[in-house]
Amino acid sequence: MTVKSIVQPTAENKKSADSLLNIGVKYQDTGKFLDAMVLFQKCLIVYQKLGDQKGIGESFNKIATTHYYQGDYLKALSYYTKCKETYEKIDFKKGISSALNNMGAVYYYLGNYPKALEFYNQAIKIQKKIGDKKIIAATTQNIGGIYIDIKDYTNAIIYSQKANAIYKELKDSTGISHNLNGAGKIYMMQKQYAKAYSYFNQALKIADQINDQQKKIEVLYNLGELFHTQGNLIKSLSYYNSCLKSAQRINSLQYTAISQVAIGTILNQLGKNDKAIEKCKTGLEIAENLGAISVKKEACKCLYEAYKSSGDAKSALNFYEKSNVYNDSLQSEETSNKILNMEFQKTMLMDSIAYVTKEHTLELRHKEEVQKKEKQKNLIIISLCFILLITVALWNRLNYVRKSREALKIEKDRSEKLLLNILPEEIAEELKEKGFVNARDFNLVSILFTDFKSFTQTAEKMSPQDLVEEINVCFKAFDLISEKYDIEKIKTIGDSYMAAGGIPNPDQDSLKNIVLAGLEMQEFMIERKNQNSATNKPAFEMRLGIHAGPIVAGIVGVKKFQYDVWGDTVNTASRIESNGMAGKVNISDSLYNLIKQEKCFQFEYRGNIYAKGKGEIKMYFVVKNNIFTDENTILIDEIHV
């Protein structure tokens with residue numbers, strides 16, 4: 001019989017886990033996030049085997065904070081939740097309030113102010129009971145951050161000063177540095193640049209003294225932004241470069257990306273287009289990995305300006321279109337944030353109505369007591385006047401609330417429509433319910449790719465406006481066809497269109513439907529070419545390929561989101577498309593074996609075709625069998641473009 005080794009609950013094992021945790025914290029403070037994460041995971045395993053709930057909770061907290069510093073906010077929220085639940089098992093109130101505060105910080109970064117305020121208030125309620133001044137200060141500072149974002153700078157300064165008083169009482173250098181940096185941002189937004197510079201410098205000096213590398217890069221970036229706002233490009237560039245070096249040293253991808261883009265923007269303004277392109281491309285690549293849409297938008301905007309200045313109109317157009325796509329995503333989120341802010345304001349309004357009602361009631365009682373000895377007739381008249389006054393005030397307030405609700409409903413409907421244009425309905429509902437979406441594995445999904453043949457040569461014969469209009473006509477038709485056959489549009493990449501069948505809900509007819517959709521897309525392109533040729537306009541020919549297999553699907557990004565799919569099936573589908581022929585629908589051998597019994601198709605075996613990175617793949621052309629064609633297939637002329 002094999003005896004399995006187990007960790008005994010000894011003081012030595014507890015001491016070892018505590019030591020790993022403390023070393024990990026030191027790594028985290030100096031920006032060595034990967035080393036810190038390894039140690040936090042190791043001590044978590046030991047604490048779990050010991051059954052040390054406090055140690056488990058602290059490990060979850062440190063893992064969550066490391067994810068937060070690296071820009072992975074959904075994972076951070078997940079681990080903060082685990083931390084809170086662990087502390088609740090042992091009723092560790094200080095730990096619970098800290099976790100609630102951190103969860104509020106994540107929602108604050110994601111722009112969900114009402115949710116952030118809800119967690120902050122829960123945290124403060126516990127903190128006041130246990131007298132934890134340090135976390136009260138942090139939470140107070142965070143509430144001030146909400147007022148900054150809604151541009152209520154007066155209240156933002158008040159909360160900042162409250163937090164700073166507590167930090168000074170506790171002699172908390174980290175908290176003081178954080179508070180000074182926040183105050184500097186408030187003054188910068190109010191265009192009080194001298195005050196902002198003074199606060200940033202104080203924050204930077206303290207961060208250097210305590211070797212807080214994360215806070216240091218935040219302050220350096222703010223100093224770069226301060227001088228950029230004032231038009232001092234050289235000094236701004238110096239601070240951005242310092243921020244970039246520090247961010248790279250501690251592997252802070254978030255600040256590496258935004259610093260690269262900021263530097264590229266200034267270089268472009270200084271006429272150094274080639275260097276600007278290099279910096280902004282690097283920033284864009286990192287932002288794409290992080291899913292940071294706002295950074296991607298700024299990077300594409302920078303690249304558009306740089307290529308335009310260097311005379312490369314084609315590249316400029318490409319990045320101009322990408323910038324517009326990211327801008328649409330940002331506007332969708334801004335609409336959602338407006339709704340959240342309206343709900344926040346509505347809550348404040350209802351509190352105001354309750355307060356006014358209470359004040360009027362007290363005033364009425366006071367008047368009645370003062371006038372008890374007056375004649376009955378005068379008392380009745382006065383009472384009626386006050387009642388009427390209260391009624392009018394309440395009616396006005398309630399009428400305002402009704403109008404606010406109507407406006408809120410309009411904004412919510414608009415937001416719902418925008419959200420469903422970006423995500424499948426099931427995914428959108430999950431995102432609204434949980435605040436994030438779990439990635440899902442699918443065993444069998446069909447992937448469709450299209451690509452315009454000789455796109456560059458044809459595009460050179462067209463003006464930028466005509467080119468964008470022609471692509472829009474084609475992709476709009478593809479959207480209608482995709483909707484008709486119940487397949488999910490994933491995205492467009494330049495002149496390429498990507499769709500998937502069988503997600504997010506598997507469907508036994510999805511394989512047949514995606515092939516029918518592909519055939520109808522090719523029919524549209526052939527008809528479109530005939531129409532353009534008749535008027536001597538340039539026209540595109542298109543390759544189209546389809547493959548089926550397992551994939552992973554989920555949301556890309558944590559704040560500005562996109563539904564996407566990954567896996568070898570996607571790569572293979574792309575190779576099937578690139579080895580197709582214009583006007584044809586090319587499918588893989590695996591898809592052929594799944595649909596070969598469908599009587600509505602005829603197949604032409606092409607043999608083994610070499611595909612880059614995949615070797616030889618059996619491929620087939622597929623066409624409609626007119627005898628068995630679906631009677632419900634709509635004509636090309638019925639697609640209004």
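Side chains included, hydrogens not; waters and symmetry mates left out as well; all remaining heavy atoms used. Treat the numbers as computed from the prediction; the structure is a model and nothing was measured.
Looking at Arg528, Lys476, Lys537, Lys461 one by one, the single match for salt bridge (Lys or Arg N to Asp or Glu O under 4.0 Å) with Glu470 turns out to be Arg528. The side-chain contact (heavy atoms from CB on, under 4.5 Å) test with Lys279 singles out one residue from Leu267, Leu284, Thr265, and that residue is Leu267. Among Leu516, Val622, Val623, the one residue that satisfies the side-chain contact (heavy atoms from CB on, under 4.5 Å) test with Val585 is Val622. Tested against Tyr592, the residues Tyr620, Phe601, Tyr605 include a single ring-ring contact (aromatic ring centres under 6.0 Å, His included) partner, Tyr620. Of the residues Phe475, Phe449, Phe524, the one that meets the ring-ring contact (aromatic ring centres under 6.0 Å, His included) test with Tyr497 is Phe475.
Residues Asp466 and Met462 approach most closely at O-CE, 3.6 Å, considering heavy atoms.
Between Gln260 and Leu244, some side-chain heavy-atom pair lies under the 4.5 Å cut-off. For the pair Asp451 and Ser578, the minimum side-chain heavy-atom distance is 4.5 Å or more. In this structure, Ile503 and Ile490 have side chains that are in contact, with non-hydrogen atoms separated by less than 4.5 Å.
Classification of Glu523 and Lys624 as a salt-bridged pair holds, one side-chain N sitting under 4.0 Å from a carboxylate O. Taking a cutoff of 4.0 Å between a charged side-chain nitrogen and a carboxylate oxygen, Glu520 and Lys484 qualify as a salt bridge. Taking 4.0 Å as the cut-off between side-chain N and carboxylate O, Glu305 and Lys308 count as a salt-bridged pair.
Judged purely by distance below 3.5 Å, without hydrogens or angles, the side chains of Thr65 and Tyr80 pair a donor atom with an acceptor atom.
A search for side-chain hydrogen bond (donor to acceptor under 3.5 Å, both in side chains) contacts involving Asp486 returns nothing, not counting sequence neighbours.
Atom NZ of residue Lys32 and atom CD1 of residue Ile250 lie 11.5 Å apart, to the nearest 0.5 angstrom.
Note on ring orientation: taking the six-membered ring where Trp is involved, the planes of Tyr73 and Tyr68 are perpendicular (angle over 60°, cut-offs 30° and 60°). Below 30°, between 30° and 60°, or above 60°: for Phe540 and Phe452 the angle between ring planes is below 30°, a parallel geometry.
Looking at Asn268, its side chain never comes within 3.5 Å of a backbone N or O of Gly264 through a donor-acceptor pair. A donor-acceptor pair under 3.5 Å links the side-chain atoms of Ser482 to the main chain of Phe478, judged by distance alone. Between the side chain of Glu598 and the backbone N or O of Lys512 there is no donor-acceptor pair closer than 3.5 Å.
A distance below 6.0 Å separates the ring centres of Tyr221 and Tyr240.
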